[in-house]
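A short write-up of the structure that comes next.
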Amino acid sequence: MNAKIDKMHSVWNSLQLSIRNRTGQPNVNFDEILSSVFSIGKFYYYVIDFFDMSISNLSAGFEEAHGISTEKICHINDVLELIHPDDMEFVSLAEKKSLSFIYDVLGVEKSLKYKASYNFRFKVADGSYRLYNHQSLILTLDENNNFVKSLNIHTDISHLTSKNNYKCSLIGLAGESSFLNVDVEETPKHIKGKNFSKRETEIIRLIAKGLSTKEISEKLFISTDTVKFHRHNILQKSSCINATELIARGVSEGWI
């Protein structure tokens, strides 16, 4: 194991609350989870078991992306080895920030209600590196409240941008507040939540599908003035100047 991969394991081990125990396979509806992940670009997913670092449920898109048979991917190191060496330090920091923030700031009771998101360069089938968005969602905890199984989703966003913002985001599910573009070395007390309402999230997704203000108003049975009001608030919250930037950033940073 090389030193940079070993550091990733050290991060995960440092966040262990007590002895980590095996958990059963959760009853996961992958189609339902993935339907909530707005993704413009080719993606794949897998489940990592932190008890033994094994990989399961690896979807077929992995082989297309990386040119490696899914049958050869059994351990998380098989995935980590594909990350650009110069990005491994950031990935380690982003993992530590994301998981420690969920546990220490939000509380373990909310650990299943957040997904972490950040970007890094991945080695692809032709030997080059492309920018990918990583999203992870804790699926199971053991009796000691250690995270055990996690769903990871990787999306090729190289067609949107080649520049990594080197930040992470914590995306709240089921109405929880979100924390966007967090510096990985930022202290929790300086982090502010940016939460889109359920209606705003609906409108963002419809904008991404190319619907006009009028079409959105008709689909949601609200006035065009109300749609305009929401659009204005969405741009302010996201610090975007227009819808094009909103969608590009939302997809590349994994918060829609």
Side-chain angles (χ1 to χ4, degrees), residues 4-5 7-8 11-12 33-34 36-46 48 55 58-59 61-62 64-66 68 76-102 114-138 150-173 178-186 191-194 196 204-205 208 237-241 244-256:
K4 292 184 177 181
I5 289 180
K7 186 172 183 178
M8 282 291 297
V11 166
W12 291 325
I33 293 177
L34 293 172
S36 68
V37 178
F38 191 89
S39 184
I40 298 178
K42 294 182 178 181
F43 71 93
Y44 59 85
Y45 62 86
Y46 57 89
I48 174 175
I55 297 292
L58 181 57
S59 64
F62 179 90
E64 180 183 356
H66 300 290
I68 302 172
I76 189 57
N77 288 359
D78 300 328
V79 178
L80 296 179
E81 288 174 351
L82 299 172
I83 298 175
H84 195 293
D86 293 343
D87 285 355
M88 282 299 297
E89 176 70 19
F90 165 72
V91 172
S92 298
L93 291 171
E95 277 289 287
K96 185 174 183 178
K97 168 58 66 179
S98 301
L99 290 166
S100 61
F101 186 76
I102 290 174
Y114 275 82
K115 66 176 181 178
S117 175
Y118 54 84
N119 303 330
F120 56 80
R121 289 170 291 177
F122 244 157
K123 190 174 185 179
V124 294
D126 64 5
S128 65
Y129 287 89
R130 293 182 187 172
L131 191 64
Y132 271 71
N133 172 250
H134 164 88
Q135 297 180 68
S136 62
L137 175 65
I138 296 173
S150 172
L151 174 66
N152 287 4
I153 304 166
H154 295 160
T155 305
D156 185 345
I157 59 170
S158 59
H159 59 294
L160 294 174
T161 180
S162 61
K163 295 181 179 179
N164 194 349
N165 65 357
Y166 293 105
K167 296 179 185 292
C168 66
S169 294
L170 288 305
I171 316 302
L173 308 176
S178 296
F179 303 84
L180 310 180
N181 294 327
V182 175
D183 289 327
V184 296
E185 296 179 340
E186 190 175 18
I191 298 174
K192 296 180 180 180
K194 296 181 180 179
F196 293 113
I204 291 171
R205 290 175 180 271
K237 287 183 180 182
S238 63
S239 301
C240 293
I241 60 174
T244 300
E245 182 183 0
L246 171 73
I247 302 309
R249 281 192 54 201
V251 173
S252 66
E253 295 169 13
W255 45 263
I256 61 172

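Nearest heavy-atom pair, Met88 versus Leu80, reported as atom, atom and distance to 0.1 Å: SD-O, 4.1 Å. Heavy atoms only, all atoms of each residue included: Leu58 and Tyr44 are closest at CD1-CD1, 4.2 Å. Residues Ile204 and Leu246 come closest through the heavy atom pair CG1-CD2, 4.3 Å. Between Tyr129 and Lys123, the closest heavy-atom pair is CD2-N, 3.3 Å.
With sequence neighbours excluded, the residues forming a salt bridge (charged side-chain N to carboxylate O under 4.0 Å, His left out) with Glu64 are Lys42, listed by chain and number. Listed by chain and number, the residues in a salt bridge (charged side-chain N to carboxylate O under 4.0 Å, His left out) with Glu89 are Lys7 (sequence neighbours excluded). Legend: residues meeting side chain to side chain donor-acceptor pair (under 3.5 Å) with Asn152, ordered by chain and number and at least two apart, are Tyr46, Ser150. For Ser136, the side chain to side chain donor-acceptor pair (under 3.5 Å) criterion is met by no residue, not counting sequence neighbours. For the salt bridge (charged side-chain N to carboxylate O under 4.0 Å, His left out) test, residues two or more places apart in sequence or in another chain that qualify with Lys167 are Asp183. Here His84 pairs with nothing under the side chain to side chain donor-acceptor pair (under 3.5 Å) rule; sequence neighbours left out. Residues meeting the side chain to side chain donor-acceptor pair (under 3.5 Å) test with Thr244, sequence neighbours left out: none. For the side-chain contact (heavy atoms from CB on, under 4.5 Å) test, residues two or more places apart in sequence or in another chain that qualify with Ser100 are Leu15, Asp104.
In this structure, Trp12 and Ile76 have side chains that are in contact, with non-hydrogen atoms separated by less than 4.5 Å. You'll find the side chain of Tyr166 stays beyond 4.5 Å of the side chain of Val184, heavy atoms only. Side-chain atoms of Phe122 and Asp156, non-hydrogen and from C-beta on, never get closer than 4.5 Å to each other.
Taking CD1 of Ile138 as the start and CG of Leu99 as the end, the distance is 5.5 Å to the nearest 0.5 Å. Atom CG of Asp126 is separated from atom NE2 of His66 by 11.5 Å, given to the nearest 0.5 angstrom. One finds the NZ atom of Lys97 at 12.0 Å from the CD1 atom of Ile102 (value rounded to the nearest 0.5 Å). Interatomic distance, CG of Asn133 versus OG1 of Thr155, reported as 5.5 Å (0.5 Å rounding). In this structure, Leu151 CG and Gln135 CD are separated by 9.5 Å, a value rounded to the nearest 0.5 Å.
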Output, in order, the C-alpha distance, side-chain angles, deciding distance and verdict of side-chain contact (heavy atoms from CB on, under 4.5 Å) for Arg121 and Asp86. CA-CA 9 Å; Arg121 289 170 291 177; Asp86 293 343; 3.7 Å; yes
Run Leu173 and Leu137 through side-chain contact (heavy atoms from CB on, under 4.5 Å) and show every step you take. CA-CA 10 Å; Leu173 308 176; Leu137 175 65; 3.7 Å; yes
For Asp78 and Ile68: C-alpha separation, side-chain torsions, deciding distance, then whether side-chain contact (heavy atoms from CB on, under 4.5 Å) applies. CA-CA 10 Å; Asp78 300 328; Ile68 302 172; over 6 Å; no
Can you check side-chain contact (heavy atoms from CB on, under 4.5 Å) on Phe62 and Leu82, steps first, answer last? CA-CA 12 Å; Phe62 179 90; Leu82 299 172; 3.8 Å; yes
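With no hydrogens or angles considered, a side-chain donor-acceptor pair links Asn181 and Asn165 at under 3.5 Å. For the 3.5 Å distance criterion, the side chains of Glu95 and Tyr118 qualify, holding a donor opposite an acceptor.
Side-chain N or O atoms of Ser169 include none that pairs as donor or acceptor with a backbone N or O of Ile171 at under 3.5 Å. Without hydrogens or angle criteria, Lys4 side chain to Pro85 main chain gives a donor-acceptor distance under 3.5 Å. Asn119 places no side-chain N or O within 3.5 Å of a backbone atom of Asn164 that could act as its donor or acceptor partner.
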